[in-house]
Amino acid sequence: AKHFIEKVANEKNNTLHTIYENEISNYSFDKDYQYFKYNGKDYKLNLKGKKQIENACVVLNTIKILNDNSFNITYDTIYESLSNIIHPGRYETIYNNPLVIFDGAHNENALENFIQITNDLYKEKNKTFIISIITTKDYKKMITTLLSNFPDSTFIFTSGNNTKKFFDKDILLSYGNEFKEKNNLTDLVASILVGRNIIDEDMSAMFDEQQQATTMVIKKYHVVTAYD
């Protein structure tokens with residue numbers, strides 16, 4: 001994706017701004033926030049996962065460009081906004097007792113982010129995963145990744161709420177059991193949940209449309225992107 005962004009930026013004679021990993025420092029986290037320093041200033045982010053730090057730095061660089069072009073967005077405003085930002089469906093806590101977390105994990109990067117957060121915050125906890133996968137995704141790769149990272153957890157496969165859009169639960173279960181038998185993992189469980197849908201159609205469409213590249217475009221003159 002980075003090479004494509006560079007190519008298009010050059011073709012359109014745009015200025016490309018890239019955020020590199022070594023520009024981000026003083027990283028830490030707790031169960032509520034992530035903390036980091038960028039361009040000499042400290043920030044607190046109300047989103048989970050290191051990928052969201054990249055996203056935040058794209059925003060910070062974008063704001064710098066805006067401020068260089070007659071805007072006046074203050075540090076205090078930025079700090080407060082990042083501290084209070086909410087992104088539905090991104091490691092969102094929807095119930096506390098028991099703890100229930102909803103995450104879209106709509107592509108490989110998002111799934112890696114989900115795994116990283118879960119291991120950082122809940123590595124020693126017993127976990128149950130309720131999973132539906134839309135038919136445009138590589139379900140074998142996703143299930144392999146999840147089972148490999150959480151071999152002692154329980155997995156509940158569902159058919160989603162749209163038979164044309166989601167893989168049938170039995171397809172997911174069949175591959176899960178095949179992978180389990182090859183790798184001597186714990187039993188898997190198949191079930192159709194009743195009540196609230198795990199993912200409604202609008203939310204699913206939103207996840208499907210998002211791009212893997214962390215990129216923000218301002219008019220036609222500047223392109224801001226995070227490192228590979």
Indicate yes or no: at least one non-hydrogen side-chain atom of [X] is less than 4.5 angstrom from one of [Y].
X      : Y      : result
Asn10  : Asn13  : no
Leu147 : Asn183 : no
Asn109 : Glu112 : yes
Tyr122 : Ile101 : yes
Ile24  : Ile53  : yes
Asn26  : Tyr35  : no
Ile133 : Lys137 : yes
Asn149 : Ile115 : yes

Looking at every non-hydrogen atom in both residues, tell me the closest pair between [X] and [Y] and how far apart they are.
X     : Y      : answer
His87 : Leu47  : CB-CD2, 3.7 Å
Ile63 : Ile78  : CG2-CD1, 3.7 Å
Lys31 : Leu121 : CA-CD2, 4.0 Å
His17 : Asn61  : CB-ND2, 3.9 Å
Leu16 : Ala9   : CB-CB, 4.4 Å
Tyr38 : Glu23  : CD1-O, 3.6 Å

Distance in Å, [X] [atom1] paired with [Y] [atom2], rounded so as to fall on 0.5 Å steps:
X      : Y      : atom1 : atom2 : value
Leu146 : Lys141 : CG    : NZ    : 12.5 Å
Arg90  : Gln52  : CZ    : CD    : 7.0 Å
Ser159 : Ile171 : OG    : CD1   : 8.5 Å
Lys169 : Ser174 : NZ    : OG    : 11.5 Å

Legend entry - Pair Lys182 + Glu178: basic N to acidic O under 4.0 Å: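 Salt bridge present between Lys182 and Glu178.
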Legend entry - Tyr43 ring center within less than 6.0 Å of Phe36 ring center: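 Judged by ring-centre distance (under 6.0 Å), Phe36 and Tyr43 do meet the cut-off.
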Inset, instruction - May I ask you to establish whether Lys44 and Tyr33 are in a cation-pi arrangement, using a distance under 6.0 Å from NZ or CZ to the six-membered ring centre and at most 45° from the ring axis? - result: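 Yes, Lys44 lies over the aromatic ring of Tyr33.
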Under 3.5 Å, side chain of [X] to main-chain N/O of [Y], donor-acceptor pair present?
X      : Y      : value
Asn113 : Lys51  : yes
Thr77  : Ile73  : no
Thr118 : Phe114 : yes
Thr158 : Gly160 : yes

Legend entry - side chain to side chain contact (heavy atoms under 4.5 Å, CB included) assessment of Asn46 paired with Asn84: CA-CA 6 Å; Asn46 188 36; Asn84 292 283; 5.6 Å; no
Inset, instruction - Assign the ring pair Phe155 / Phe157 to parallel, tilted or perpendicular, where the plane angle (0 to 90°) is split at 30° and 60°. - result: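 Ring orientation of Phe155 relative to Phe157: parallel.
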Inset, instruction - In sequence, state the C-alpha distance, the side-chain angles, and the governing distance for Thr62 and Val58, and then conclude on side chain to side chain contact (heavy atoms under 4.5 Å, CB included). - result: CA-CA 6 Å; Thr62 302; Val58 168; 4.2 Å; yes
Legend entry - Residue pair Tyr175, Tyr139: steps toward the side chain to side chain contact (heavy atoms under 4.5 Å, CB included) verdict: CA-CA 9 Å; Tyr175 179 75; Tyr139 74 90; 3.9 Å; yes
Inset, instruction - Could you walk me through whether Lys50 and Glu54 pass salt bridge (Lys or Arg N to Asp or Glu O under 4.0 Å), step by step? - result: CA-CA 7 Å; Lys50 289 184 178 179; Glu54 299 174 28; over 6 Å; no
